[in-house]
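Values reported hereafter were calculated over all heavy atoms of this structure, with side chains retained and with hydrogens, waters and symmetry mates removed. We count ligands from 1, going down the list as the structure has it; atoms in each ligand are counted the same way. Since this is a predicted model, take the numbers as computed values, not measurements.
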Amino acid sequence: MKTLAKERFQGKDFLSLQDFTQDELLYLIEVGRTLKEERRAGIPHPHLQGKTLGMIFTKSSTRTRVSFEVGMFQLGGHALFLSNRDIQLGRGETVADTARTLSRMVDGIMIRTYSHEEVLELAAYSSAPVINGLTDLHHPCQVLGDLMTIQEHKGRLAGLKLTYIGDGNNMAHSLLYAAKMGMQVVIASPSGYKPKAEVVASARTDAAAYGGAITIMDDPLAAAAEADVLYTDVWASMGQEEETEKRRRDFAGYQINRETLKIARRDCIVLHCLPAHREEEITAEVMDGPHSLVFEEAENRLHIEKAIMALIM
Ligand code: CP
Ligand code: NVA
């Protein structure tokens, strides 16, 4: 790894893609790809020997937990799984006191929770870097891994059209920042489920400096026209389980299926952060079909989390 570039990341939090320049994101992806190649070639890379990551979870996880825990092990360090149910945070100890305590013992903290403000507060009081492993507002680790997947398969990011069909949720918000890679990001959501206006505005400002563009629209089929990348996510996110039935009705038609594929570019790739609800936001046929890269995308979480940790810790 280049020492000079490394210094730009040392000790920095990883909370939103907004906090990183295009150059820094490209560098993180490059490091992720190197770590992936080294892993495949059996070359050990113990960049975090003797270091420890605390992982706070107040929501479920498969990919995020396993990628950080396995990633830390492969980097020569150790990860602690701290469920909200088991630590004092769940019994009312403050976020600030938790941050002050944990950061005296660990070298980095990863947190997955509901409120984004809680993560900002944790970062403000932690002397160790904090990584956002998903909040209701953002999922930056996922999108960085997705950009790595797109770059691997398309050979570039700039100039590509990425269409996201579905809820204007945490995934949509973080994907909006992909526009700063010089991409055209189109979001198609039903009314009442559009991404937050302030996130759209900030991502637009960010993108303008890099020749990217953002379009928010209603019609999923019009949005899919000539797309290089089709992306979707569940209609009801974690914490919205009670709205499942209403959302099934409101999102009818916002599905990636064979009709969507016909409108996109012939060589388009299909991504989904997972977990998926097959036959709701995506058909099983498309998810298991030749355009889908969803499991490669899931694997890339491992390589990109390692890049994030190796650089900031
Ligand atoms: N995509 C993602 O973050 O998956 P998990 O919820 O399983 O961590
Ligand atoms: N929007 C989904 C993403 C899961 C990775 C959720 O928040 O549940």
Side-chain angles (χ1 to χ4, degrees), residues 14-17 32 53 55-72 79 81-84 109-119 131-150 164-178 187-190 192-196 199 229-244 246-248 250-251 254-256 270-278 280-282 287 292-309:
F14 189 84
L15 306 179
S16 162
L17 298 184
L53 176 79
M55 308 188 299
I56 304 173
F57 281 92
T58 68
K59 281 177 173 175
S60 307
S61 171
T62 299
R63 281 142 288 267
T64 305
R65 176 179 175 180
V66 175
S67 58
F68 275 101
E69 194 163 331
V70 170
M72 204 53 196
F81 175 67
L82 305 169
S83 159
N84 183 53
I109 302 174
M110 194 283 299
I111 177 164
R112 162 170 290 200
T113 191
Y114 294 87
S115 148
H116 193 72
E117 282 66 39
E118 196 175 310
V119 175
I131 302 169
N132 176 2
L134 179 146
T135 62
D136 288 344
L137 194 65
H138 284 300
H139 197 2
C141 297
Q142 178 68 50
V143 172
L144 191 60
D146 298 339
L147 291 173
M148 172 174 159
T149 308
I150 297 166
Y164 172 93
I165 295 173
D167 190 17
N169 59 14
N170 43 12
M171 280 311 310
H173 291 153
S174 287
L175 282 166
L176 283 169
Y177 289 103
I187 308 262
S189 317
Y193 297 98
K194 298 276 191 261
K196 283 183 192 295
V199 180
V229 183
L230 288 175
Y231 203 114
T232 190
D233 184 18
V234 290
W235 293 338
S237 286
M238 288 181 273
Q240 298 172 333
E241 288 77 7
E242 286 150 38
E243 296 172 32
T244 301
K246 174 174 167 35
R247 283 171 173 264
R248 272 196 191 122
D250 293 347
F251 282 94
Y254 287 81
Q255 183 190 59
I256 294 187
V270 175
L271 300 180
H272 189 313
C273 56
L274 304 181
H277 289 154
R278 287 164 178 258
E280 288 192 9
E281 74 276 3
I282 189 167
M287 194 166 146
S292 170
L293 290 176
V294 300
F295 295 109
E296 180 86 25
E297 179 187 7
E299 179 194 323
N300 281 343
R301 289 293 302 281
L302 170 66
H303 311 298
I304 212 69
E305 321 301 26
K306 285 166 73 179
I308 296 167
M309 292 190 290

So which protein heavy atom does [atom] come closest to, and at what separation?
{"atom": "atom 2 (C) of ligand 1", "result": "R301 NH1, 3.3 Å"}
{"atom": "atom 7 (O) of ligand 2", "result": "N170 ND2, 2.9 Å"}
{"atom": "atom 7 (O) of ligand 1", "result": "T62 N, 2.6 Å"}

Pairs of nitrogen or oxygen atoms closer than 3.5 Å, one from [X] and one from ligand 2: do any exist?
{"X": "S237", "answer": "yes"}
{"X": "K59", "answer": "no"}
{"X": "D233", "answer": "yes"}
{"X": "M238", "answer": "yes"}

R65-ligand 1 polar pair, N/O distance under 3.5 Å: no
E281 vs F251, test: side-chain contact (heavy atoms from CB on, under 4.5 Å). Steps then yes/no. CA-CA 8 Å; E281 74 276 3; F251 282 94; over 6 Å; no
Are D136 and K59 ion-paired here, with the side-chain N under 4.0 Å from a carboxylate O? yes
Does L274 reach ligand 2, in the sense of a heavy atom lying below 4.0 Å from it?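 A heavy atom of L274 does come that close to ligand 2.
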Out of the candidates I150, V270, L175, only one should pair with Y231 under the side chain to side chain contact (heavy atoms under 4.5 Å, CB included) rule; please name it.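 For Y231, the side chain to side chain contact (heavy atoms under 4.5 Å, CB included) test succeeds with only one of I150, V270, L175, which is L175.
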Say you draw a straight line from [atom1] of [X] to [atom2] of [Y]; how long is it, rounded to the nearest 0.5 Å?
{"X": "Q142", "Y": "S67", "atom1": "CD", "atom2": "OG", "answer": "9.0 Å"}
{"X": "C141", "Y": "E305", "atom1": "SG", "atom2": "CD", "answer": "4.5 Å"}
{"X": "H272", "Y": "D146", "atom1": "NE2", "atom2": "CG", "answer": "11.0 Å"}
{"X": "M287", "Y": "H277", "atom1": "CE", "atom2": "NE2", "answer": "10.5 Å"}

Near L274, which atoms of ligand 1 are under 4.0 Å from a heavy atom of that residue?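 With L274 as reference, the close atoms of ligand 1 come out as 1 (N), 2 (C), 4 (O).
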For Q142, the atoms of ligand 1 under 4.0 Å from one of its heavy atoms are 1 (N), 2 (C), 3 (O)
Determine whether the side chain, the backbone, both or neither of L134 has a heavy atom under 4.0 Å from any heavy atom of ligand 2. side chain
Is any side-chain heavy atom of Y164 closer than 4.5 Å to one of N169? yes
Proximal candidate to atom 6 (O) of ligand 1 [heavy atom criterion; set M238, R112, R63]: R112
Tell me whether L134 reaches ligand 1 (any heavy atom closer than 4.0 angstrom to a ligand atom).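 Judged by the 4.0 Å heavy-atom criterion, L134 does not count as contacting ligand 1.
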Checking W235 side chain against Y254 main chain: does a donor-acceptor pair fall under 3.5 Å?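 Confirmed, W235 side chain pairs with Y254 backbone.
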